[in-house]
2 protein chains.
Amino acid sequence: MMGERQAVAAFAALGQDHRLRIVRALVTAGPDGLAAGVLAGEIGVSGTNLSFHLKELSHAGLIQSRREGRSVIYSAAFQGLSDLIQFLMRDCCQGRPEVWTPAIEALAACLCTPGDTAHA
Amino acid sequence: MMGERQAVAAFAALGQDHRLRIVRALVTAGPDGLAAGVLAGEIGVSGTNLSFHLKELSHAGLIQSRREGRSVIYSAAFQGLSDLIQFLMRDCCQGRPEVWTPAIEALAACLCTPGDTAHA
DNA sequence: GCAATATCTCAATCATTGTTGAAATATAGA
DNA sequence: TCTATATTTCAACAATGATTGAGATATTGC
C-alpha cells in the first residue's frame, strides 16, 4: 500500500512536462519498452537530460530498466502506476459518487474499446 | 477531458508534502470544507505559506474556495480529482489487467466499507 | 468609525530542480 | 586492441519553487 511520502515522490515525478511524456510513451510502448536513445528522439530532449529524468522516474518507482546489448531499455512500472491510481482513489472515493462514477466510466470505456488509442 | 498540460499542473501541485496533505485533509472534510485558519493549524504551516499553496492548488483545479463571514472556506474540487484519476487510468489501463484490476479492487473496498476511514 | 480577527499580497531570501557540455563507463564488432 | 555506438556521471549555471515577515484588504461586532 503506497504511503504519503511515496505518493508525493510519484506526483512530483509526473509533474514535469518531459517526465509525463516519457511515462506516457513507455506506457503506450508496453512491457517491451523503448531504448533510451529512441525515447530521447521521441520526447525531443538531449541524452544527458533524458538520463536525468529517467533516474527521477526510476527513483519514484514509475519506470524500470534492463540492458539489452549496448542499449538500455526502459519500460513502465505498471505496478507503481497502479499503486498511484489506488492512492488517489482511496482518498477521493469515500462515499462520493461524483468522484468515482466518472472514473469507472473511463475505465469501462478503456475496456470496451481495446483497439482505440485512448489519447489520440 | 483533461489534457497533458493540465495533468502536469495537477501532478506538480500534488507533488509537494504540504499540498498533498492539504488536499487529503480537504477530501476527508468533504464538501463542507475547512477554513484557511483551521487548515493552517492542521497542516502545521504559517498562514502566509498556506495561502501560497492554496493558490497553487486552486490554479491546478484541485480545490475551490468560498467566503463565509470573515473566513474563507476551502474544499476539494472533486471534479478535478476525478479528472486526474481518469487521466491516469486512460493512459495506464489499455489492455493491461495488472494495472486496472488492483484499482478496481481498491474502489470496491472503498464502496463496501463506507464507514471505515480508508487511510487510518 | 474603531478595534479585532482572518486572510492575502508583496518583496526578499534560500533551497531545489532543470539544463547543458565535457568527460567517463559499458558494449559490440573489426 | 582499437573504434564506434549508447548511455551515464559530473560540475556548472539558470530557472523555478518554497518560506518568511511586514504591510494591505476584507469582515464582524462594539
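All chains are named by letter (A, B, ...) in the order of the sequence lines, taking the proteins before the strands, and each is independently numbered beginning at 1.
Residues from residues 65-77 of chain A placing a heavy atom under 4.0 Å of any atom in DNA chain D, listed by number, are A:R70, A:S71, A:V72, A:Y74.
Taking atom CZ of residue B:R19 and atom P of nucleotide C:dT16, one finds them 15 Å apart after rounding to whole Å. The separation between A:I22 atom CD1 and C:dT19 atom C1' is 13 Å, rounded to whole Å. As a whole-Å value, the separation of B:L57 CG from D:dA18 C1' is 13 Å. Atom NE2 in A:H18 sits about 13 Å away from atom P in D:dT16, given to the nearest Å. Between B:E56 atom CD and D:dT19 atom P there is a gap of 11 Å when expressed in whole angstrom units. Following rounding to the nearest Å, A:I43 (CD1) and D:dT7 (P) show an atom-to-atom distance of 14 Å. One interatomic measurement links the two molecules: CZ of B:F52 to C1' of D:dT19, which rounds to 9 Å at whole-angstrom precision. The interatomic distance linking B:L54 (CG) with C:dT7 (P) rounds to 10 Å, in whole Å.
No side-chain heavy atom of A:Q16 sits less than 4.5 Å from a side-chain heavy atom of B:V8. You'll find the side chain of A:S46 reaches within 4.5 Å of the side chain of A:N49, heavy atoms only. Counting heavy atoms from C-beta outward, A:V72 and A:S65 have side chains that approach closer than 4.5 Å. A 4.5 Å side-chain heavy-atom check between B:L88 and B:L84 finds every atom pair outside the cut-off.
Counting only heavy atoms from C-beta on, A:A36 has its side chain closest to D:dT8 among C:dC8, C:dT20, D:dT8. With distances taken from any side-chain atom of A:T48 to the nucleotides C:dT19, D:dA18, C:dG21, the minimum falls on C:dG21. With distances taken from any side-chain atom of B:N49 to the nucleotides D:dT20, D:dT9, C:dG18, the minimum falls on D:dT20.
With DNA chain C read from its 5' end, the first of the two nearest nucleotides for B:G47 and A:S46 is the one closest to B:G47.
Using a 4.0 Å cut-off between charged nitrogen and carboxylate oxygen, B:R24 and A:E4 count as a salt-bridge pair.
A close approach under 4.0 Å does occur between a side-chain nitrogen or oxygen of A:Q16 and OP1 or OP2 of C:dT19. For B:K55, a side-chain nitrogen or oxygen approaches OP1 or OP2 of C:dT9 to under 4.0 Å.
The shortest non-hydrogen separation linking A:A60 to A:A13 is CB-CB, 3.8 Å. Across all non-hydrogen atoms, the minimal contact from B:I73 to B:E68 is CG1-CB, 3.9 Å.
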